[in-house]
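Below is one structure, written out as structure tokens, with a few remarks after it.
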Protein chains: 2
Amino acid sequence: MQDKEKNGSANGIEAFRAEAVLSIEEICTEIFRRNQTSIKIKKEAVAVKNLVKIFDTTLALSNSKGFQTTSLRDLSAASGLSMGALYSYFSSKDELLEMILSQGRQMTRRILTRYIYADDPPKKKLSDAIRTHLYLTEVMQPWFYFAYLEAKNLKRDQQKKVIAGELATEKIFIDILEEGNAAGIFACDSPVLTASAIKAMLQDWYLKRWKYQRRNISVDTYAVFLIKLVETIVAPG
Amino acid sequence: MQDKEKNGSANGIEAFRAEAVLSIEEICTEIFRRNQTSIKIKKEAVAVKNLVKIFDTTLALSNSKGFQTTSLRDLSAASGLSMGALYSYFSSKDELLEMILSQGRQMTRRILTRYIYADDPPKKKLSDAIRTHLYLTEVMQPWFYFAYLEAKNLKRDQQKKVIAGELATEKIFIDILEEGNAAGIFACDSPVLTASAIKAMLQDWYLKRWKYQRRNISVDTYAVFLIKLVETIVAPG
DNA sequence: GTCTATAGTGCGATAGAC
DNA sequence: GTCTATCGCACTATAGAC
């Protein structure tokens with residue numbers, strides 16, 4: 001386990017995925033404990049199982065027709081829980097939305113902090129950051145897709161959290177590029193614009209999944225392609 | 001005029017914008033004439049003026065809170081037309097959606113065919129295609145943003161048209177890259193993945209406008225940056 | 001802990017006055 | 001050509017049976 005963590009995302013997408021699945025249950029347990037005032041269910045096992053089902057079903061339905069358009073009747077039918085049952089897990093459709101966004105943010109934070117090492121050299125840090133980001137969004141694709149496409153329907157404070165997350169990711173890349181520039185390993189005219197371009201190509205992976213799936217391009221293939229492309233951009237000379 | 005067209009988008013964003021505004025009115029006139037069965041208004045001047053207002057208002061409202069969430073009552077209040085008046089320009093909310101999408105598609109087609117020349121050398125074609133695409137999405141940013149973010153709420157046939165447009169743009173870049181490869185001017189391992197990456201960076205311009213605006217980056221600055229970046233990627237050696 | 005039945009709200013769409 | 005008034009419907013949310 002310690003070795004696996006030390007290797008970052010080097011063990012490939014499957015090892016990464018195995019760890020993520022465990023984290024999802026953990027985080028739903030946390031959500032259950034934190035919201036025990038509004039959640040009327042008392043048995044933790046039942047509640048966590050249903051919360052995972054509610055979140056997954058909501059993401060699936062919303063990603064094919066939008067969260068606003070998805071009625072709680074749809075969610076009830078697809079999840080197998082009645083309207084009444086649903087309302088013992090959240091007090092409004094808005095609260096359901098907040099719970100989902102918060103679950104995703106916690107997952108993201110947990111995984112990113114686990115896989116980023118300050119003491120690696122810039123070039124390794126750059127390729128690790130790209131690969132980890134791709135793996136993360138591959139495993140949590142429905143959530144990232146959801147958070148991105150529903151962002152404009154959110155309330156102010158929720159929107160700000162989405163934007164903050166976006167800029168935080170970009171900042172990771174800006175810092176790596178500037179560190180590489182200072183060390184003379186990279187020659188990157190505008191770290192800000194370059195980081196922004198990297199971010200755009202990373203986002204394409206979870207926003208246009210249909211395209212890559214249709215073309216039989218795996219996340220590892222895309223990672224290799226993207227790392228090479230970025231290294232060409234930042235290479236001196 | 002002939003010179004302007006011959007120079008493609010070389011005259012900068014402002015010349016481009018001037019031409020586009022004229023086109024919008026033309027296209028609304030076409031829409032009016034084509035839909036005269038469902039549009040109850042008879043005076044062309046009145047109808048076109050109101051159609052432009054309806055489209056603009058719908059895009060503005062939808063881009064801040066989503067098309068589904070925007071009620072026709074909202075649209076009525078913001079546009080200054082009553083519910084009854086609105087319904088003399090379209091027969092359902094769905095038809096309004098179709099009219100907007102069709103208006104944008106016509107604009108896109110008209111502008112792209114006007115600015116792309118088959119007989120230029122690959123390198124010039126590549127930079128012209130990037131610049132023209134950026135100018136187009138700059139001038140019609142609300143429409144592109146709308147078409148992208150509402151795509152999943154559309155019906156099957158409308159969705160297919162959005163995807164077809166997406167792939168058509170990508171094809172333009174694949175063809176240019178392959179032509180350059182064949183001529184020995186480019187050395188691009190995977191034209192498909194590279195075109196897809198270029199597309200992702202082009203889309204970032206209209207999807208993340210808030211970010212570029214906040215950083216005071218103009219469309220011309222972004223164009224110069226992106227063209228240089230892409231030329232680095234495809235350069236041999 | 002989960003269900004069914006229903007109250008209350010706001011929507012898309014239309015009819016008819018002006 | 002545009003308005004106001006209104007209908008029927010689908011939604012969120014809740015109350016009370018089991």
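In what follows, every chain begins at residue 1, and chains take the letters A, B, ... in the order their sequences are listed. All values below were derived from every heavy atom in this structure, side-chain atoms included, with hydrogens, water molecules and symmetry-related copies excluded. Here the structure is a predicted model, which is why all the values come from computation and not from measurement.
One finds a side-chain N or O of B:N50 lying less than 4.0 angstrom from the OP1 or OP2 phosphate oxygen of D:dT2.
One atom, CG of B:L51, and another, C1' of D:dT2, lie 15 Å apart when rounded to the nearest Å. Rounded to a whole Å, the CD1 atom of A:I54 is 12 Å from the C1' atom of C:dT2. Rounding to whole angstrom units, CD of residue A:Q36 and P of C:dG1 are separated by 11 Å. Per the geometry, CG belonging to B:L75 stands 14 Å off C1' belonging to C:dC11, to the nearest Å. Between the CZ atom of A:F67 and the P atom of D:dC11 there is a distance of 14 Å, rounded to whole Å. A:L61 has its CG atom 13 Å from the P atom of D:dC11, to the nearest Å. If you measure from atom CG of B:L72 to atom P of D:dC9, you get 19 Å, rounded to the nearest angstrom.
Less than 4.0 Å separates DNA chain C from at least one heavy atom of each of the following residues of residues 85-99 of chain B: B:Y87, B:S92, B:K93.
B:D74 comes within contact range of no nucleotide atom at all, as no heavy-atom separation falls under 4.0 Å.
Each of B:W205, B:Y148, B:Y145 was compared with B:T137 under the side-chain contact (heavy atoms from CB on, under 4.5 Å) criterion, and only B:W205 meets it.
Heavy-atom contacts from other residues, nucleotides or ligands closer than 6.0 Å to NZ of A:K65 number more than 12. Dense packing is recorded around NZ of B:K42, with more than 12 heavy atoms of other residues, nucleotides or ligands lying under 6.0 Å away.
Applying the ring pair (Phe, Tyr, Trp, His ring centres under 6.0 Å) rule to pairs touching residues 23-55 of chain B yields nothing, sequence neighbours excluded.
Looking only at atom types and distance, the side chain of B:T221 has no donor-acceptor partner in the side chain of B:Y212 under 3.5 Å away. At a cut-off of 3.5 Å, with distance as the only test, a side-chain donor of B:Y115 or B:E19 sits close to an acceptor on the other residue.
Between B:F173 and B:H133, the ring-plane angle classifies as perpendicular under the 30° and 60° cut-offs.
Counting only distance, with no hydrogens or angles, the side chain of A:S196 and the backbone of A:V192 share no donor-acceptor pair below 3.5 Å. Under the 3.5 Å distance criterion, the side-chain polar atoms of B:W143 are left unmatched by any main-chain donor or acceptor of B:L59.
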Review point. Along nucleotides 5-10 of chain C, 5' to 3', which nucleotides get a B, which get an S, and which get a -, given that the test is a protein heavy-atom distance under 4.0 Å?
Key: ------
